Amino acid sequence: MRVIIVKDYEEMSRKAAKIVSDRLHRKLDLVLGLSTGSTSVGMYQELIKAHKEKGLNFSKVRTFNLDEYCGLSPDHPQSYHYFMWYNLFNHINIKPENVYIPRGEVENAEAFCNWYEQKIKEEGGIDLQILGIGRDGHIGFNEPGSSLGSRTRIKTLTEETVEDNSRFFERKEDVPRYAITMGLGTISEARECLLLASGANKAEAVKRCIEGPVSAETTASLLQLHPKVIIVVDEEAAKNLKRKDYYRYAERMAEKLEVR
Ligand code: GLP
């Protein structure tokens, strides 16, 4: 697990976008797992900039989003479909047929979830999965208590998550209570994971994710078992980490070695 501590949200966004573009330069037909939420917006802006100014090419990229609210249509302004087109896809040269986002309105959710899992496999599996983290330590919408081996399915959101996400809705009552999310087993199969966190309200979740026990209580802690994880956190989000100095030192040493 590589932990990179940066100054603030802007630096986190630039660092994350650099990692994504490096991977994309190495593999044009990269399969990206994508996240929504305010944490990833800055990184998407940096990627748009790299596309417009440096010709970063998304024409062969395939993307799979982590999750979507149940009951929201793709054109609902708070749906994750809308979020992705508004914040990224409309501004880069990705082919619409290469974009996969769970559908919030489906007749047969189980069949849809199986199809989604199958599609990820058919496209060769996810090369790089981008993740944010909820205040309760969730990744995707895998709330505390989720099975560590779970696959794409419907989850009931916790009160805390509904509360946190209500800032995007007019009224708290409008926040959906269910979501379709990739499971923890699904996320674990990505070849590489990149988790981002910014701000003091994420500090406790970040600490439990990196330095706590691996437990379904903090589903992000599952990343400790993954062979290739990069975590980019700003100072505020890193403030509770016990081994902060070591992570900084290790990054400096790695730069000297030029191993990454
Ligand atoms: C939601 C999403 C997560 C995201 C989290 C944090 O719960 N399902 O994927 O990581 O929100 O969101 P934010 O970045 O807005 O804090």
Side-chain angles (χ1 to χ4, degrees), residues 6 8-10 12-13 15-17 32-46 63-72 76-84 86-88 100-104 113 116 126 128-146 150 152-169 172 174-184 186-188 190 193-206 208-210 218-223 229-234 236-238:
V6 295
D8 54 19
Y9 180 84
E10 284 68 33
M12 177 199 75
S13 304
K15 188 88 204 173
L32 273 174
L34 297 177
S35 63
T36 49
S38 44
T39 309
S40 40
V41 172
M43 176 190 67
Y44 292 148
Q45 283 169 355
E46 291 293 330
T63 64
F64 286 90
N65 262 80
L66 278 168
D67 45 19
E68 177 59 287
Y69 288 118
C70 288
L72 299 192
H76 189 291
Q78 305 314 333
S79 74
Y80 286 168
H81 271 82
Y82 191 96
F83 175 101
M84 287 311 303
Y86 181 83
N87 286 296
L88 181 66
Y100 298 93
I101 307 175
R103 285 198 70 99
C113 294
Y116 201 69
I126 292 171
L128 176 66
Q129 176 66 58
I130 314 289
L131 298 162
I133 187 168
R135 265 198 314 137
D136 61 7
H138 72 230
I139 45 177
F141 267 129
N142 292 285
E143 298 286 33
S146 293
S150 51
T152 304
R153 69 217 182 287
I154 292 186
K155 275 303 283 184
T156 303
L157 306 183
T158 61
E159 204 50 42
E160 191 179 18
T161 298
V162 170
E163 185 68 47
D164 284 351
N165 292 356
S166 65
R167 68 187 194 276
F168 301 111
F169 291 79
K172 190 178 157 195
D174 297 336
V175 185
R177 295 274 158 170
Y178 305 97
I180 289 193
T181 180
M182 272 186 207
L184 295 167
T186 324
I187 295 170
S188 308
C193 293
L194 171 61
L195 183 138
L196 311 178
S198 165
N201 64 337
K202 296 291 173 70
E204 203 38 46
V206 165
R208 285 194 279 126
C209 161
I210 302 175
T218 305
T219 56
S221 67
L222 177 71
L223 295 176
V229 176
I230 303 180
I231 299 190
V232 185
V233 279
D234 68 8
E236 289 279 284

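Residues: numbered from 1 along the sequence shown. If you're wondering where the values come from, they're calculated on a predicted model, not measured in any experiment. Note that ligands are numbered from 1 as they come in the structure, with each ligand's atoms numbered from 1 the same way.
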message: Are Phe168 and Tyr69, when compared by the centres of their aromatic rings, separated by less than 6.0 Å?
response: no

- prompt: For atom 6 (C) of ligand 1, what is the nearest protein heavy atom, given as residue, atom name and distance?
  reply: Ile133 O, 3.6 Å

query: Taking the side chain as C-beta and beyond, is there a heavy-atom pair between Leu196 and Lys15 under 4.5 Å?
result: no

- prompt: Between Tyr80 and Thr36, is there a donor-acceptor pair closer than 3.5 Å when you use the side chain of the first and the backbone of the second?
  reply: no

task: Report, in ascending order of atom number, the atoms of ligand 1 lying under 4.0 Å from any heavy atom of Gly132.
output: 10 (O)

field: Which segment of Asp67 sits under 4.0 Å of ligand 1 when only heavy atoms are counted
entry: side chain

query: If we only count heavy atoms from C-beta on, is the Asn65 to Pro102 side-chain gap below 4.5 Å?
result: yes

Contact atoms of ligand 1, heavy-atom distance to Tyr80 under 4.0 Å: 1 (C), 2 (C), 8 (N)

- prompt: Does an N or O anywhere in Gly140 fall below 3.5 Å from an N or O of ligand 1?
  reply: yes

query: Looking at side-chain heavy atoms only, is the closest gap between Phe64 and Gln129 below 4.5 Å?
result: no

message: I'd like to know whether Leu34 forms a side chain to side chain contact (heavy atoms under 4.5 Å, CB included) with Phe83, so could you lay out the CA-CA distance, the side-chain angles of the two residues, the decisive distance to 0.1 Å, and finally the verdict.
response: CA-CA 11 Å; Leu34 297 177; Phe83 175 101; over 6 Å; no

- prompt: For ligand 1, is any non-hydrogen atom under 4.0 Å from Phe83's backbone (N, CA, C, O), its side chain (CB onward), both, or neither?
  reply: neither

message: Distance under 4.0 Å to a non-hydrogen atom of Ser38: what atoms of ligand 1 satisfy this?
response: 13 (P), 14 (O), 15 (O), 16 (O)

message: Quick check: Thr161 and ligand 1, any N/O pair under 3.5 Å apart?
response: no

task: Give the numbers and elements of all ligand 1 atoms closer than 4.0 Å to a heavy atom of Asn165.
output: 1 (C), 7 (O)

message: Any nitrogen or oxygen of Arg167, side chain or backbone, less than 3.5 Å from one on ligand 1?
response: yes

message: For atom 14 (O) of ligand 1, tell me which residue out of Leu34, Thr39, Leu196, Val41 has the closest non-hydrogen atom.
response: Thr39

- request: Output yes when Glu159 and Arg177 qualify as a salt bridge under the 4.0 Å nitrogen-oxygen rule, no when they do not.
  value: yes

statement: Ranked by distance from atom 7 (O) of ligand 1, the top protein heavy atom is His138 NE2, 2.8 Å

- prompt: Any idea which protein heavy atom is nearest atom 4 (C) of ligand 1, and the distance to it?
  reply: Thr36 O, 3.9 Å

- request: May I have the step-by-step check of side chain to side chain contact (heavy atoms under 4.5 Å, CB included) for Lys202 and Thr39, ending in yes or no?
  value: CA-CA 11 Å; Lys202 296 291 173 70; Thr39 309; 3.8 Å; yes

message: Check this for me - ligand 1, Ser40, N or O atoms closer than 3.5 angstrom, yes or no?
response: no

task: Consider every N or O of Leu66 and every N or O of ligand 1, then say whether any pair is closer than 3.5 Å.
output: no

- request: For the pair Glu163 and Lys172, find out whether any cationic side-chain nitrogen is under 4.0 Å from an anionic carboxylate oxygen.
  value: yes

- prompt: With a 4.5 Å heavy-atom cut-off, do Asn201 and Asp164 have their side chains touching?
  reply: no

field: Nearest protein heavy atom with distance in Å, relative to atom 12 (O) of ligand 1
entry: Gly37 CA, 4.0 Å

message: Counting C-beta onward and ignoring hydrogens, is there a side-chain heavy-atom pair between Ile126 and Met182 closer than 4.5 Å?
response: yes

- prompt: Is there a heavy atom of Lys202 sitting under 4.0 angstrom from any atom of ligand 1?
  reply: yes

